[in-house]
Structure formats: C-alpha cells, structure tokens
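Since the structure comes first, as structure tokens, the remarks are kept for the end.
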Amino acid sequence: MAADYPGLLLLSRNEALRAYVDLVLSDRNIPVRHFDLAREGLFWLVDHTPRYILLDEDLDVDPFSVAARIRHVKRLKEVPLAVLISPSEKLRTTAEVVRVSSIEKPLTREKLLRFLGLNPEGSLG
C-alpha cells in the first residue's frame with residue numbers, strides 16, 4: 001500500500017523553480033519532493049500518494065502525457081494535479097483536452113497557494 005505524503009510532488013528540471021516552491025511552501029510547513037526526471041517521479045509515485053502534484057512543462061518528456069499517465073492510476077485520480085505552462089493558447093487547449101489544470105508562468109506565490117487551496121493572504125513570502 002502506498003504511503004501518504006503530506007506535501008507536493010514537483011517534477012521539474014528548473015533549479016530556480018524548485019528553490020522558489022521550497023521557499024514559499026516552507027512558510028506553510030508543506031514539504032516538497034522533487035525530481036528532475038519524470039521517470040524518477042513516476043517510480044516514487046508507486047509507493048507514495050502526495051497531497052498535490054505539479055509538473056513543469058520543461059520536463060524531460062511531455063508533461064501532458066505524464067499527467068495523463070498519473071490520472072490513470074485510480075489511487076491518484078483525486079490528487080490535485082497541474083502543469084506549469086508558458087502563456088500559450090495551444091498549451092491551455094492541450095491541458096483542457098488532457099483534463100488537467102494548468103498554471104501559467106511565471107509561477108507566483110498567489111498562484112501556487114491558490115492551486116493548493118490555501119489562502120494567499122496573511123503569510124510572508
């Protein structure tokens with residue numbers, strides 16, 4: 001049985017993005033587990049169920065195919081999942097077709113906390 005993970009799984013090769021997400025969420029005591037490669041993250045998901053999943057469009061493979069694969073796992077269907085995308089109608093449409101949330105870059109504290117269902121007010125950052 002997969003262990004619950006109380007934080008965010010972030011799949012991104014961007015070190016600055018990972019550091020920013022770590023900084024914002026450490027203020028809320030939300031742990032972040034990140035991987036550079038989609039395959040590593042998918043292997044981790046075999047044994048873990050995170051509270052949230054965020055995929056960067058700059059993955060080593062297509063993030064929408066990774067999102068679709070994650071959505072096919074019954075245990076992960078209800079986990080909030082989003083793909084971080086550049087502002088683009090094509091990418092927004094792709095997210096809609098795959099039925100995954102999208103968050104447009106640049107990622108801000110407010111966008112991240114809104115995705116997590118948290119109130120962005122009243123916190124430093």
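Computed over heavy atoms, backbone and side chain alike; hydrogens, waters and symmetry mates excluded.
Taking OG from Ser12 and CG from Leu37, the interatomic distance works out to 11.0 Å, rounded to the nearest 0.5 Å. From Leu112, atom CG reaches atom CD1 of Ile103 across 6.5 Å, with rounding to the nearest 0.5 Å.
For Asp22, there are no salt bridge (charged side-chain N to carboxylate O under 4.0 Å, His left out) partners, not counting sequence neighbours. With sequence neighbours excluded, no residue satisfies salt bridge (charged side-chain N to carboxylate O under 4.0 Å, His left out) with Glu110. Take Lys111 and apply the salt bridge (charged side-chain N to carboxylate O under 4.0 Å, His left out) test, not counting sequence neighbours, and it matches no residue. With sequence neighbours excluded, no residue forms a ring pair (Phe, Tyr, Trp, His ring centres under 6.0 Å) with Phe115.
Using a 4.0 Å cut-off between charged nitrogen and carboxylate oxygen, Asp36 and Arg13 do not count as a salt-bridge pair. We find that Arg109 and Asp27 are not joined by a salt bridge, their nearest charged nitrogen and carboxylate oxygen being 4.0 Å or further apart.
Hydrophobic clustering (side-chain heavy atoms under 4.5 Å, transitive across Ile, Leu, Val, Met, Phe, Trp, Tyr) groups Leu116 together with Leu84. Linking Ile, Leu, Val, Met, Phe, Trp and Tyr residues whenever their side-chain heavy atoms come within less than 4.5 Å places Tyr20 and Leu118 in a single cluster. In the hydrophobic clustering of this structure, Leu9 groups with Ile85; members are Ile, Leu, Val, Met, Phe, Trp, Tyr whose side-chain heavy atoms approach within less than 4.5 Å, directly or through other members. At a threshold of 4.5 Å between side-chain heavy atoms, the hydrophobic network of Ile, Leu, Val, Met, Phe, Trp and Tyr places Leu81 and Val98 in one connected group. Linking Ile, Leu, Val, Met, Phe, Trp and Tyr residues whenever their side-chain heavy atoms come within less than 4.5 Å places Val100 and Ile53 in a single cluster.
Screening residues 39-53 for salt bridge (charged side-chain N to carboxylate O under 4.0 Å, His left out), with sequence neighbours left out, gives no hits.
Under the 4.5 Å side-chain criterion, counting only non-hydrogen atoms from C-beta, Ser101 is not in contact with Pro80. Looking only at side-chain heavy atoms (C-beta outward), Glu57 and Lys105 come within less than 4.5 Å of each other. In this structure the side chain of Leu45 reaches within 4.5 angstrom of the side chain of Pro50, judged on heavy atoms.
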Which pairs of donor and acceptor atoms, one on a side chain in residues 63-73, lie under 3.5 Å apart (sequence neighbours left out)?
from	atom 1	to	atom 2	distance (Å)
Ser65	OG	Asp62	O	2.8
Arg71	NH1	Leu76	O	2.8
Arg71	NH1	Lys77	O	3.0
Arg71	NH1	Val79	O	3.1
Arg71	NH2	Val79	O	2.7
His72	ND1	Ala68	O	2.6

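Judged purely by distance below 3.5 Å, without hydrogens or angles, the side chains of Arg75 and Thr49 pair a donor atom with an acceptor atom. Residues Glu104 and Ser86 bring no donor and acceptor atom of their side chains to less than 3.5 Å of each other.
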Let's go through Leu17 and Asp58 carefully: what are the C-alpha distance in whole Å and the side-chain angles of both, what is the deciding distance for side chain to side chain contact (heavy atoms under 4.5 Å, CB included) to 0.1 Å, and is it a yes or a no?
CA-CA 11 Å; Leu17 173 66; Asp58 185 30; over 6 Å; no
For the pair Leu54 and Leu11, evaluate side chain to side chain contact (heavy atoms under 4.5 Å, CB included) and give the outcome as yes or no after the intermediate values.
CA-CA 6 Å; Leu54 182 60; Leu11 301 184; over 6 Å; no
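In this pair, Phe35 and Trp44 present their aromatic rings tilted. The plane angle is within the 30 to 60° band.
Between the side chain of Tyr52 and the backbone N or O of Leu10 there is no donor-acceptor pair closer than 3.5 Å. Judged purely by atom type and a 3.5 angstrom limit, Asp56 has no side-chain atom pairing as donor or acceptor with the backbone of Val83.
Heavy-atom minimum distance, Asn119 versus Leu113: O-CD1, 4.4 Å. Of all the heavy atoms in Val61 and Ala38, the pair that sits closest is CG2-CB, 3.6 Å.
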